[in-house]
Amino acid sequence: MATTPPITLTFAGSDPSGGAGLQADLMTFASMGCHGLSVVTAITVQDTIGIESILPIDAEWVSDQARQLLEDMPIAAFKIGMVGSVENIATIAGIVADYPDIPLVVDPVLSSGRGDEMGNEDITQALLDLLIPQATLITPNSIEARRLTADEQDGELTLQSCAIQLLNTGCEYVLITGTHENTPEVTNILYGHNGIIRQDSWKRLPGSYHGSGCTLASAITALLAHGAPIETAIKDAQDYTWESLSAGFRPGMGQFLPDRFFWAQDINDEPDDKA
Ligand code: PXL
């Protein structure tokens with residue numbers, strides 16, 4: 001019998017366009033050699049241009065989906081993306097609290113780069129109170145990092161002070177991504193309780209991508225599930241995400257999507273003319 005790959009579980013919203021959300025997470029998990037489980041927290045109506053509407057799934061259904069899987073299979077790492085409602089946050093927080101030794105990556109999905117709103121103030125507060133304190137790592141983009149810390153102080157905080165405030169909630173590491181900053185390169189910074197752990201800069205790619213944050217956070221989750229130390233996971237997941245984005249394609253009229261299976265496209269493959 002073949003060995004079972006590490007099993008990763010994502011709590012996420014469905015993105016029917018296959019760009020972000022649970023579809024992105026499952027593709028990334030599979031591409032990185034994990035078996036992905038998915039608990040649906042919300043369904044969305046969207047295309048590559050934007051989100052039309054969001055329907056949160058009943059918290060009881062979220063709980064039932066997760067509890068049934070957890071009874072059956074050992075999970076190597078959890079990921080939490082779009083949560084859909086405050087009730088879902090409370091439910092998911094209760095579930096992951098029962099598994100304190102399993103790495104937990106929280107992507108606090110509040111704003112997409114293209115301006116879709118996916119979280120209100122209540123959701124932001126519940127994430128801060130219930131989920132972020134339990135996280136091994138959170139992966140806000142800079143807009144989300146500022147939103148999560150906005151009430152605490154007037155004026156614009158530096159990303160470093162956002163990170164410190166977020167670490168003070170109790171999570172172990174904060175990775176703030178810099179795609180939306182007005183800088184020539186994209187700089188992502190990993191903070192821990194002793195300060196900056198690593199800082200990686202990436203050439204900005206032309207075009208606008210949908211699903212890059214989900215890809216990065218689930219790649220980190222997959223690498224942690226394989227047993228990688230956090231720093232290695234952060235570095236290798238960025239490499240993987242950058243490769244996926246640079247191989248990105250534009251299937252519709254809106255944004256580019258990452259190709260999470262870029263390695264399966266062999267550009268040297270000649271069509272088989274003997275066939
Ligand atoms: O990119 C964050 C994200 C997460 N989950 C779902 C989404 C999006 C962005 O559009 O649709 C379901």
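Whatever order the structure lists them in is the order used to number ligands and atoms, beginning at 1. Everything numeric in this text was worked out from a predicted model, so none of it was measured.
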Which of the atoms in ligand 1, numbered in the order shown and given with their element, are less than 4.0 Å from a heavy-atom of [X]?
X	value
G21	4 (C), 5 (N), 6 (C), 12 (C)
V109	2 (C), 3 (C), 4 (C)
A20	1 (O), 3 (C), 7 (C), 8 (C), 9 (C)

Checking Q46 against T44: is there a side-chain donor and acceptor pair closer than 3.5 Å?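 Indeed, the side chains of T44 and Q46 share at least one donor-acceptor pair under 3.5 Å.
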
Tell me the protein heavy atom at minimum distance from [atom], and give that distance in Å.
atom	result
atom 11 (O) of ligand 1	Q46 NE2, 2.5 Å
atom 12 (C) of ligand 1	G13 O, 3.4 Å
atom 10 (O) of ligand 1	H210 CE1, 3.0 Å

F262 and Y240 aromatic ring geometry - parallel, tilted or perpendicular at 30°/60° bounds: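 It falls in the tilted class, 30° to 60°.
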
Is the shortest N/O to N/O distance between T44 and ligand 1 below 3.5 Å?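 No, T44 has no N/O under 3.5 Å of an N/O on ligand 1.
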
Does any non-hydrogen side-chain atom of I220 lie less than 4.5 Å from one of I234?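 They are in side-chain contact.
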
Is the shortest side-chain N to carboxylate O distance from K79 to D25 below 4.0 Å?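 The answer is yes: the pair qualifies as a salt bridge.
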
Between CZ on residue R250 and CD on residue Q255, distance to nearest 0.5 Å: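 Going from the CZ atom of R250 to the CD atom of Q255 covers 9.5 Å.
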
How long is the straight-line distance from CG of N194 back to CG of L167, given to the nearest 0.5 Å?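 L167 atom CG to N194 atom CG measures 10.0 Å (nearest 0.5 Å).
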
Classify the contact between I51 and ligand 1 as side chain, backbone, both or neither, using a heavy-atom distance cut-off of under 4.0 Å.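 Within the 4.0 Å criterion, I51 contacts ligand 1 through side-chain atoms alone.
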
Residue-level breakdown please: for C214 versus ligand 1, do any non-hydrogen atoms fall below 4.0 Å on the side chain, on the backbone, on both, or on neither?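 The answer is the side chain of C214.
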
Given Q125 and D129, is the side-chain hydrogen bond (donor to acceptor under 3.5 Å, both in side chains) satisfied, shown in steps? CA-CA 6 Å; Q125 197 54 50; D129 292 341; 3.2 Å; yes

